[in-house]
Number of protein chains: 2
Amino acid sequence: MVTLAEVAQHAGVSASTVSYVLSGKRSISMGTRQRVEQSIQQLGYHPNAGARALASSRSNIVALMVPLRTDMYVPVMMEIAIAVATSARTYGYDVLLLTGEEGPDAVRRVTGSGLADAMILMDVELDDERLPLLRGTDQPSVLIGLPAATEGLTCVDLDFGATGALCAEHLAELGHRDIAVIGEAPAVYERHTGFAERTLDGLRSRSRELGVRVLHRPCEGGFDAMTVTLARIFDERPGTTGFVVQNESAVEPLLALLRQQGRAVPEDVSVIAVCPDQVATQASVRLTSVAIPAQEMGRRAVELLIAKLEGRGSDEVALISPELTVRASTGPAPAPAAS
Amino acid sequence: MVTLAEVAQHAGVSASTVSYVLSGKRSISMGTRQRVEQSIQQLGYHPNAGARALASSRSNIVALMVPLRTDMYVPVMMEIAIAVATSARTYGYDVLLLTGEEGPDAVRRVTGSGLADAMILMDVELDDERLPLLRGTDQPSVLIGLPAATEGLTCVDLDFGATGALCAEHLAELGHRDIAVIGEAPAVYERHTGFAERTLDGLRSRSRELGVRVLHRPCEGGFDAMTVTLARIFDERPGTTGFVVQNESAVEPLLALLRQQGRAVPEDVSVIAVCPDQVATQASVRLTSVAIPAQEMGRRAVELLIAKLEGRGSDEVALISPELTVRASTGPAPAPAAS
DNA sequence: AAACCTTGTCGAAGCGCTTCGACAACATAT
DNA sequence: ATATGTTGTCGAAGCGCTTCGACAAGGTTT
């Protein structure tokens with residue numbers, strides 16, 4: 001391993017000078033800088049991360065805590081994770097991947113050991129047990145997702161309330177008066193992950209204002225669960241003409257079932273999905289959807305985190321405005337059945 | 001921050017003793033050990049990662065390089081990543097998340113800086129540009145995926161050759177004589193990621209032995225691409241009764257199209273997918289499939305890596321045997337049409 | 001009782017870097 | 001000409017840990 005001292009010797013300067021060339025924290029003359037940089041090149045020098053961390057008490061690493069579960073929104077999580085890793089690199093940070101498994105202990109371990117300078121938590125629950133720890137430390141952190149109480153925390157999330165409202169508006173405008181929400185799996189609600197409820201709240205209150213009736217049914221993904229759920233919905237509200245699907249893995253089953261039942265999309269029934277664009281465009285019907293902006297969420301989270309690390313930036317809740325893209329799965333409500 | 005010196009003082013021993021208690025590298029008397037452990041507890045001591053890395057030249061971090069792309073097999077990648085992170089923790093290692101973006105530079109950076117002790121590479125191409133670097137360093141590494149030349153490398157992968165053969169056998173046993181392979185997107189082949197070709201090779205050679213004709217068509221995911229592909233297949237081989245699908249996002253479109261065309265699965269047409277079990281069980285037909293054992297791949301990769309880190313273990317290619325699970329999408333070939 | 005292990009502990013050196021204060025060397029203001 | 005900055009460089013002190021050799025204290029073997 002080439003050390004800084006060797007570079008210094010090679011360039012004929014002191015170690016501290018090399019260090020200052022690297023960090024830019026003091027001015028260096030052109031000549032010296034060039035000689036040093038050349039030596040670094042020639043020797044193939046890479047600063048030792050451990051030594052650096054020890055001396056500066058900064059590791060240049062941010063921790064990213066991803067949920068252990070792989071039962072929902074996996075592509076979204078992955079996309080966020082990759083966006084986080086990619087943007088963090090542009091700020092000179094690396095990303096440490098933690099799984100939810102260790103829970104609060106991981107937070108303690110990472111803060112305690114100085115392994116990471118800051119952390120990003122995904123899949124935050126309404127009353128997450130990691131939050132007190134975050135509040136009690138001075139290590140900067142950003143949450144992706146919105147807990148119940150946000151004082152003293154920085155959060156990034158899609159504005160799911162507005163997302164719900166947007167869906168309601170779009171369907172209402174098209175004349176739908178009876179809509180059904182295919183929600184996440186019951187487990188998601190029990191886990192209190194917030195976003196599902198916030199979507200629903202937004203959708204319900206806007207629907208009320210617009211005179212639209214809403215039926216909400218949680219639904220496991222998959223074909224079988226969807227069959228049961230759909231049957232129940234049409235039992236209770238035969239006049240349902242609009243669907244909002246929040247569960248990615250319910251999308252295809254729903255479309256297939258509607259086809260089977262001879263209900264045409266969008267002529268007889270309209271469907272809006274809340275999902276990544278990729279899912280919306282690859283489905284068997286090109287879906288009108290509200291995108292989950294995974295990349296942007298990851299990017300924003302990193303930006304906020306860096307701001308905190310640099311002393312700028314404060315606690316704030318950054319809600320990303322939802323955008324609805326009209327595709328081929330929504331259309332005017334059919335005239336009420338003659339029956 | 002509590003330091004080791006403070007713990008030592010609190011426990012009334014020297015710093016080195018505390019260190020030995022922590023590492024277990026020398027024997028310590030019961031009494032001392034207990035006093036030290038108690039002090040650690042009381043003071044809430046966490047060893048400083050940087051100092052540790054500097055002094056021991058081991059960071060206890062393994063790097064995981066994931067593909068930047070999110071166009072294929074994302075859930076598989078995520079599951080592998082999580083399995084890697086989880087198993088690494090059981091060995092006391094943390095995981096640094098690198099994206100493919102930086103390419104070979106990331107390898108250089110990480111090896112050079114001692115940021116990580118070892119690395120795992122995913123999505124390895126046949127002639128991957130990172131391989132020479134890995135061969136040229138003494139940092140242990142494990143590949144998930146199989147490059148063209150494996151000398152001096154340790155690899156983990158599903159035995160895709162055997163996977164293809166298994167599919168051929170299953171369909172042949174059921175009496176199918178004309179089968180079609182719905183392959184990955186053309187881009188995957190151009191990228192030379194190997195696994196797609198290996199599956200095909202295995203399938204073709206076994207088919208030949210069994211007297212089964214094979215038609216192979218790459219296919220982008222999605223409904224539209226599948227429509228075109230399927231039409232071409234039935235044009236060229238109207239008697240096709242078996243399908244092997246390797247592209248996750250082609251599964252649902254294929255099933256939907258077959259339904260539309262009045263071809264019943266499995267009565268008229270059999271379908272085997274190469275995909276994670278979750279996809280197979282959640283599809284609109286419960287799919288006979290060869291599972292992609294993401295978890296096991298991640299776990300095995302870590303095991304091999306740890307073995308190398310501990311001086312045990314050598315270069316080897318660990319191919320995981322495929323397992324075919326029969327579900328509801330395959331059945332006996334129909335009697336040849338009377339025409 | 002001498003000689004030899006074994007076990008448990010300590011002190012000190014050093015890992016490779018950052019950063020502070022000091023200080024030449026030179027430019028600018030008085 | 002002296003006082004006052006500026007700029008560029010250096011030396012040294014540490015950051016918190018691991019690890020090596022040294023060495024008491026006690027146990028075993030002759």
Side-chain angles (χ1 to χ4, degrees), chain A residues 1-37 39-40 43-61 92 94 109-117 309, chain B residues 1-37 39-40 43-61 92 94 109-117 309:
Chain A
M1 274 306 76
V2 186
T3 69
L4 182 144
E6 292 168 333
V7 173
Q9 193 172 18
H10 187 268
V13 297
S14 76
S16 46
T17 301
V18 177
S19 179
Y20 287 123
V21 168
L22 252 32
S23 69
K25 292 191 178 170
R26 287 203 181 171
S27 51
I28 298 286
S29 67
M30 268 288 267
T32 309
R33 156 169 284 114
Q34 284 179 355
R35 253 180 313 130
V36 170
E37 277 165 357
S39 298
I40 289 177
L43 302 179
Y45 169 71
H46 286 272
N48 181 85
R52 200 165 236 196
L54 177 56
S56 64
S57 18
R58 305 177 94 283
S59 61
N60 282 286
I61 288 179
D94 271 295
R109 193 166 59 81
V110 169
T111 14
S113 65
L115 230 189
D117 297 332
L309 277 168
Chain B
M1 274 307 75
V2 187
T3 70
L4 183 142
E6 291 168 332
V7 173
Q9 192 172 18
H10 186 269
V13 298
S14 75
S16 46
T17 302
V18 177
S19 178
Y20 286 123
V21 168
L22 252 32
S23 68
K25 292 192 178 170
R26 288 204 180 170
S27 50
I28 297 286
S29 68
M30 268 289 265
T32 308
R33 155 169 286 114
Q34 284 179 355
R35 254 181 311 131
V36 170
E37 277 166 356
S39 298
I40 289 178
L43 301 180
Y45 168 69
H46 286 272
N48 179 84
R52 200 164 235 197
L54 176 56
S56 63
S57 17
R58 306 178 95 282
S59 62
N60 280 287
I61 289 180
D94 271 295
R109 194 166 59 81
V110 168
T111 14
S113 66
L115 229 188
D117 297 332
L309 278 167

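Residue numbers begin at 1 in each chain, while the letters A, B, ... track the order of the sequences.
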Would you classify B:S16 as touching base, sugar-phosphate or nothing, given that sugar-phosphate means primed atoms plus P, OP1 and OP2, and contacts are heavy atoms under 4.0 Å? base

Hits for side chain to side chain contact (heavy atoms under 4.5 Å, CB included) against B:S14, two or more places apart or cross-chain, chain-then-number order -> B:S16, B:T17

Touch class at under 4.0 angstrom, heavy-atom based, for A:S29 against every strand present: sugar-phosphate

Axis-to-axis angle across the helix from C:dA1-D:dT30 to C:dA29-D:dT2, five pairs each end, nearest 10 degrees, ~ 40°

Sorted by chain and residue number, the side chain to side chain donor-acceptor pair (under 3.5 Å) partners of A:S19 (sequence neighbours excluded) come out as none

The residue, A:M1 or A:T17, whose nearest nucleotide of DNA chain C is more 5′ is A:M1

Residues at least two apart in sequence or cross-chain that pass salt bridge (charged side-chain N to carboxylate O under 4.0 Å, His left out) with B:R58, listed by chain then number, are B:D117

**OP:** Please work out if A:S19 contacts a base, only the sugar-phosphate, or nothing of the nucleic acid, heavy-atom cut-off 4.0 Å.
**Re:** base

First and last nt of DNA chain C near chain B, cut-off under 4.0 Å to heavy atoms, 5' to 3', are C:dT7 to C:dG16

Comparing A:V13 with A:A51, nearest DNA chain D nucleotide closer to 5' gives the residue A:V13

Here the salt bridge (Lys or Arg N to Asp or Glu O under 4.0 Å) pairs for residues 20-37 of chain A, sequence neighbours left out, are A:R33-A:E37

Between A:S14 and B:S23, whichever has its closest DNA chain D nucleotide further toward 5' is A:S14

When every non-hydrogen atom of B:A116 is compared with those of B:S59, the smallest separation belongs to CA-OG, 3.4 Å

B:I28 near the nucleic acid: base, sugar-phosphate alone, or nothing, with a heavy-atom cut-off under 4.0 Å? sugar-phosphate

Note: A:L115 and A:I61 closest approach over all heavy atoms is O-CB, 3.7 Å

DNA chain C nearest-nucleotide lookup for A:R58 and B:V18: closer to the 5′ end is B:V18

For A:E6, the side chain to side chain contact (heavy atoms under 4.5 Å, CB included) test, sequence neighbours excluded, returns A:V2, A:T3

Residues at least two apart in sequence or cross-chain that pass side chain to side chain donor-acceptor pair (under 3.5 Å) with B:S39, listed by chain then number, are B:H10

N/O donor-acceptor pairs under 3.5 Å from side chains in residues 44-53 of chain B, not counting sequence neighbours:
none

